[in-house]
2 protein chains.
Amino acid sequence: MTHLESTSLDLLKLHGLRKTPCRLAVLELFFRERAALSHQNIEQQTQNSNFDRVTIYRTLTTFEEKGILHRVPDLEGQAKYALCSEKCSEHAHHDAHVHFKCQTCEKVLCMEDIPLPETAAPKGYQVKTASFLLEGLCAECNG
Amino acid sequence: MTHLESTSLDLLKLHGLRKTPCRLAVLELFFRERAALSHQNIEQQTQNSNFDRVTIYRTLTTFEEKGILHRVPDLEGQAKYALCSEKCSEHAHHDAHVHFKCQTCEKVLCMEDIPLPETAAPKGYQVKTASFLLEGLCAECNG
DNA sequence: ATTATCTTTGCAACTTAGTTGCAATATTTT
DNA sequence: AAAATATTGCAACTAAGTTGCAAAGATAAT
């Protein structure tokens, strides 16, 4: 059993989810890629396993509910997901970091180290969550 | 001719677009609502005029290209658009302001007065555009 | 190890969002 | 008023996402 396999298995157990081929494959993919992935990305990169489209949709939804994945802001295109930090749980997501989308390779990355800037909303408004998406060229594509 | 009608007309002329019922209706709707609108919103609020879905899609695309509307960030749901400031043009959008989505009434507003916070990207990265979406309660729903 | 229980999957069918090609129509220019 | 050009409406399509349900799979209890 590889390292990723055991990490993935632990994560499922931790959240009371059953170990299934689709869930393991999706988790391992996220660990390997270290970038935000869309349903389509996942379907393509797990083609040989032939998981049903619906199963992948449900896997993503379940993982988001349990605090394993968070939705990543992306103006165009489909919903994208990325691995949560350990702080996330069934009860709340703590994904208050900046996200970066490369306009060349289209990868979307979590910049866990860059916290969201503080912003004052006008009076009367109550801010509960915020998302900040930068777009440009990533280190590789900029080189 | 009402004020909105003449403003809408001017805007079309300014961008070399022909005056058509759908375009006028969509522009007037945006002037009245002063909030971001999705294709669906527009379809519903112009029901009696019975514009074709496709025409509305194309109207939105044209307006975005000409710098009359800009796309507004919204994590869930469909694409939303809002009126651009005068600075926008065919060549570039200047929508570098914060957007706010109310979790109760679902309205998305442009906060033209709140500029985007400066954020340093990690070295190697080149930032070209950014979008910042706050979510919470708007002044009305918070009251 | 077998059975019972509960979860997850795969399928089919559906909804909603958005796109494309093209002929008919409307708008502007001359 | 006719010619030139832009825009619309229709039909048909793609892509994203959802729902219900029976069959298969995973875990827990015996």
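All of these numbers come straight from a predicted model, not from anything done at the bench. Each chain gets a letter, A, B and so on, in the order the sequences are listed, and its residues count up from 1.
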Integer-rounded Å distance: [N] [atom2] and [X] [atom1]:
X     : N      : atom1 : atom2 : value
A:L60 : D:dG17 : CG    : P     : 9 Å
B:D52 : D:dT8  : CG    : P     : 10 Å
A:I56 : C:dT9  : CD1   : P     : 10 Å
B:H39 : C:dA17 : NE2   : C1'   : 9 Å
A:R23 : D:dA24 : CZ    : C1'   : 14 Å
B:L12 : D:dT8  : CG    : P     : 10 Å
A:F51 : C:dC11 : CZ    : P     : 13 Å
B:Y81 : C:dG18 : OH    : C1'   : 10 Å

Atom [atom1] in [X], atom [atom2] in [Y]: separation rounded to 0.5 Å?
X     : Y     : atom1 : atom2 : answer
B:E64 : B:L69 : CD    : CG    : 8.0 Å
B:T46 : B:I56 : OG1   : CD1   : 4.0 Å
B:L11 : B:F31 : CG    : CZ    : 5.0 Å

B:Q40 vs C:dA17: side-chain N/O to OP1/OP2 distance below 4.0 Å
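Looking at the OP1 and OP2 atoms of C:dA17, one of them is under 4.0 Å from a side-chain N or O of B:Q40.
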At under 4.0 Å between heavy atoms, which parts of nucleotides 19-30 of chain C does protein reach? Answer with one letter per nucleotide, 5' to 3': B base, S sugar-phosphate only, - none.
BBB----BBS--
Is it the case that the side chain of A:S89 and the backbone of A:H91 share a donor-acceptor pair, with hydrogens and angles ignored and the cut-off at 3.5 Å?
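Here the side-chain-to-backbone pair exists.
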Between the side chains of B:S38 and B:N41, does any donor sit under 3.5 Å from an acceptor?
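A donor-acceptor contact under 3.5 Å links the two side chains.
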Transitively linked via ILVMFWY side-chain contacts under 4.5 Å: A:Y81 with A:F63?
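Yes, A:Y81 connects to A:F63 through the hydrophobic network.
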